[in-house]
Amino acid sequence: MSEAPLHPLYSHYSELPISLRIVYTSALCILGLGYVFALIYMVHTYSGRDGNPKNLTTEDLVIAYSGSGKGSRLESALRGPMSAMLPADEAGALINWARSGADRNTYETYIRPTIEKRCLSCHDGSNPHLANLSGYDNIQKVTEQDTGTPIFTLVRVSHIHLFGLTFVFFVVGFIFSHAYVRPLWIKYLLTGVPFVGLAVDIISWYLVKVYHPFAYVTIAAGGAMGMCFAIMWVTAMYQMWIGKVPAAIVNRRPNDARVIG
């Protein structure tokens, strides 16, 4: 079976000016570095909520989005992502205080000094993405039963992810569109799946609150996005600078064609 003919508007990396290839390479390097840091941050944020800080599991996601159903938001944080932020005895005192009703007198005498010493450098209310722990009224909110991430917090994070990652996958997909890949359906999948995965990923956050097994969908969608990103990144960089020019590209060039720029 013969290969699909080249589209008249298609340009391989070898046909692009070197200056444009440098721009593409720079963008891929920065986006790749950003993607790695995003993965590190995600694992640090969500892993450990189920008591096992070494791995990111579906149970971690269930607790993050729908709550543990056992203790308070404060306890879930201290047993999960915040477990390394203060000594075990101080964390235990905070958890016991929350479990016993979070009374104001104990807070003023024993809890507030710990909060001011260990927590307020980040949780002082200046960052809208972090719980505000300044004052009894604010900390009392996180001692209530853990019901997971509030809906409006998910809405705020959703629009950030949708706009941000759409831009990332558009740029990487556009650069990857210059790659020579056969059969073509593989190329179509690699460029299209990240956008579908992004939508499925975001929607699954809300569905996990209703039906916990959707956490598997969240992980699968995130894995699909990451795999496609990695394949497109590696393929683009390889064909741009290392790989041989495909025969189909060489055969369609004029004999005197030169690449400058």
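W233 places none of its side-chain heavy atoms less than 4.5 Å from the side chain of I175. Within the 4.5 Å cutoff, side-chain heavy atoms of Y65 are placed close to those of L154. Two residues are said to be in side-chain contact when any heavy atoms from C-beta on lie closer than 4.5 Å; W205 and L61 fail this criterion. For the pair N138 and L133, the minimum side-chain heavy-atom distance is 4.5 Å or more. With contacts defined as side-chain heavy-atom distances shorter than 4.5 Å, the pair Q239/S14 does not qualify. Contact check for M85 versus R118: no side-chain heavy atoms found under the 4.5 Å cut-off. Here the side chains of F214 and H212 are not in contact, with every heavy-atom distance at 4.5 Å or above. At a threshold of 4.5 Å between non-hydrogen side-chain atoms, the residues N132 and I139 do not count as touching.
Sorted by first then second residue, the side-chain hydrogen bond (donor to acceptor under 3.5 Å, both in side chains) pairs that include residues 158-172, not counting sequence neighbours, are S158-Y206. Within the structure, the salt bridge (Lys or Arg N to Asp or Glu O under 4.0 Å) test picks out no pair touching residues 215-229 (sequence neighbours left out). Residue pairs meeting the side-chain hydrogen bond (donor to acceptor under 3.5 Å, both in side chains) criterion with at least one member in residues 24-43, sequence neighbours excluded: Y24-H178, T25-W241.
When all heavy atoms of T191 and G173 are compared, the pair lying nearest together is CG2-O, 4.3 Å. Nearest heavy-atom pair across Y136 and A102 is OH-O, 2.6 Å.
For the residue pair H123 and S134, no side-chain donor N or O sits within less than 3.5 Å of a side-chain acceptor on the partner.
Not a single donor-acceptor pair under 3.5 Å links the side chain of T235 to the backbone N or O of M232. Here the side chain of K187 pairs no donor or acceptor atom with the backbone of Y180 at under 3.5 angstrom. Side-chain atoms of S72 do not come within 3.5 Å of backbone N or O of E144 as any donor-acceptor pair. In this structure a side-chain-to-backbone donor-acceptor pair under 3.5 Å is present from D60 to T57.
In summary, R252 and E15 engage in a salt bridge, as defined by a charged side-chain N under 4.0 Å from a carboxylate O.
Classified by interplanar angle (parallel below 30°, tilted 30° to 60°, perpendicular above 60°), the ring pair F195/F169 is perpendicular.
Partners of T109 under the side-chain hydrogen bond (donor to acceptor under 3.5 Å, both in side chains) rule, at least two apart in sequence or in another chain, do not exist in this structure. Residues satisfying the salt bridge (Lys or Arg N to Asp or Glu O under 4.0 Å) test with R112, not counting sequence neighbours, are E108, E116.
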Donor-acceptor contacts, no H, no angles, side chain residues 91-98, under 3.5 Å, sequence neighbours left out:
| unit_1 | atom_1 | unit_2 | atom_2 | d |
| --- | --- | --- | --- | --- |
| N96 | ND2 | G92 | O | 3.2 |
| W97 | NE1 | D103 | O | 3.1 |

